[in-house]
Amino acid sequence: MKKFILDLNLTLLSGQPPHFVWSREGEKFIRAWNGKIVEVSQNEKGEIISNNKKFCDFTFRAQDDLKKIYKKISTDSFMEKAIKDYYGLRLTQSDVWETTCCFVLSSNNSIPNIRKSTQLLMQKYGEKIESNLYSFPSIESIAKAKESELKKCKVGFRAPYLKHTARQLLENDFSFSKKGDAKCFFLNCLGIGEKISECISLFGYGFLDSFPIDVWVKRAMQQVYFNGRETKNEKIIEKANELWGDLKGYAQQYLFYEFMSKKGKR
DNA sequence: AGCCAGGGCGCTC
DNA sequence: GAGCGCCATGGC
């Protein structure tokens, strides 16, 4: 893997879809992909070591020049501090179905619970690759699953959402090249609204101008740019556009992580 | 016990 | 089209 700025631990544990899928094994992170194990680790020099460079380049968006991105999103002292604190936090990209599944699970849920449910789904519906390693479930396996069985994976009220959304993906071509087309499609899926469709657009398709507003991003934006006042999402997006334009998705990840990881300390 | 979590649905008005 | 209660589950 070519040298580029990456904090592997930070990136894989920052609440993006890989957080829910990859597992730590000693110094390495592992997951299944295409029926095989992918391993990735980082040595003391910061070099990335993996047995599947291509998949890592995709996952960690190797095409992004982080220095250029930092220059563009360092719009103020808050962003400068967030970048300094979380230097090497990269935006990730994941398979569209994986991204969709993870974020359908995210509604009114916590990151540890999303991971737990994702792992349970992998064990129940994925393919066994090694003794304790399972692939991500196929779209088909979730589409044909019984809701009562899905609920055994602690997905709660999201069971019908998962099943219906899997069916939608099964029956349609979802290889969109425009953000608007992707959003239109996913907004019509059960259990997916404005926020989650923005997440799929960002983390699944890699449209960096997406700007999902969850409770943390909302708090961050209100506190930093609106003097702590309650603000409509429309105004928040307007501000994000003004500040970061087509890179607001990247800025969003720093806002999210800054506020989420320091909950209780403020 | 009650509130909150990378929200969205279905119902009011 | 905006506002509100509700939705499983688990942590604090």
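Naming convention: chains lettered A, B, ... in sequence-line order (proteins, then strands); numbering from 1 in each chain.
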(request) Tell me which nucleotide among B/dG7, B/dC4, C/dG3 gets nearest to the side chain of A/R219. (result) B/dC4
(message) In this structure, how many angstroms lie between the P atom of C/dC7 and the NZ atom of A/K151, rounded?
(response) 12 Å
(message) Can you tell whether the side chains of A/E39 and A/R31 come within less than 4.0 Å, N to carboxylate O?
(response) no
(message) Run through DNA chain C and report every stem of 3 or more consecutive Watson-Crick or G-U pairs, distances under 3.5 Å, ordered by first number.
(response) B:2-5 with C:9-12, B:7-13 with C:1-7
(request) Spell out, yes or no, whether A/L120 and A/F103 are grouped together once hydrophobic residues are joined by side-chain heavy atoms under 4.5 Å, including indirect joins. (result) no
(request) Sticking with atom P, work out how far B/dA5 lies from C/dA2, rounded to a whole angstrom. (result) 23 Å
(message) For the CE atom of A/M79 and the CH2 atom of A/W244, what is their distance to the nearest 0.5 Å?
(response) 5.5 Å
(message) Under 4.0 Å from OP1 or OP2 of B/dA5: is there any side-chain N or O of A/K218 that close?
(response) no
(message) Go nucleotide by nucleotide along DNA chain B from the 5' end; which of A/G193 and A/N113 gets its closest nucleotide reached first?
(response) A/N113
(message) How close do A/G88 and A/L66 get, counting heavy atoms only, and between which atoms?
(response) CA-CD2, 4.3 Å
(message) By the 4.0 Å heavy-atom rule, please label A/G15 as base, sugar-phosphate, or nothing.
(response) base
(request) Please state how far atom CG in A/L105 lies from atom P in C/dC7, giving the value in whole angstrom units. (result) 19 Å
(request) Figure out the CZ/P separation between A/F157 and C/dG5, and round it to whole Å. (result) 17 Å
(request) Round to the nearest Å and state the distance from A/D214 atom CG to B/dG8 atom C1'. (result) 14 Å
(message) Side chain of A/N108, heavy atoms from C-beta onward: which of C/dC7, B/dG8, B/dC4 has the nearest atom to it?
(response) C/dC7
(message) Without decimals, in angstroms, what is the distance between A/N188 CG and B/dC9 P?
(response) 10 Å
(message) For a quick check of understanding: with a heavy-atom distance under 4.0 Å over all strands, which category does A/I213 fall into, base, sugar-phosphate or nothing?
(response) nothing
(message) Expressed as a whole number of angstroms, how long is the span from A/K154:NZ to C/dG10:C1'?
(response) 10 Å
(request) Between C/dA8 and B/dC11, how far apart are the P atoms? Round to whole Å, please. (result) 16 Å
(request) Mark yes or no for whether A/R61, through its side chain, and A/L91, through its backbone, hold a donor-acceptor pair below 3.5 Å. (result) no
(request) Check every strand shown and say whether A/E194 touches a base, only sugar-phosphate, or nothing at a heavy-atom separation below 4.0 Å. (result) sugar-phosphate
(message) In terms of relative ring orientation, are A/F55 and A/F58 parallel, tilted or perpendicular, with 30° and 60° separating the classes?
(response) tilted
(request) Would you mind checking if A/D85 and A/K262 are paired as a salt bridge, meaning a charged N to carboxylate O distance below 4.0 Å? (result) yes
(request) Using a 4.0 Å heavy-atom cut-off across all strands, classify A/Q253 as base, sugar-phosphate, or nothing. (result) base
(request) Rounded to the nearest angstrom, tell me the gap between atom CD1 in A/I114 and atom C1' in B/dG7. (result) 11 Å
(message) Rounding to an integer number of Å, can you tell me how far A/I196 CD1 sits from B/dA5 C1'?
(response) 13 Å
(message) On DNA chain B, compare the nucleotides closest to A/W216 and A/C189; which residue's is nearer the 5' end?
(response) A/W216
(request) For a side chain to side chain donor-acceptor pair (under 3.5 Å) with A/N9, tell me which candidate from A/Q42, A/R24, A/E27 qualifies. (result) A/R24
(message) For a quick check of understanding: with a heavy-atom distance under 4.0 Å over all strands, which category does A/F203 fall into, base, sugar-phosphate or nothing?
(response) base
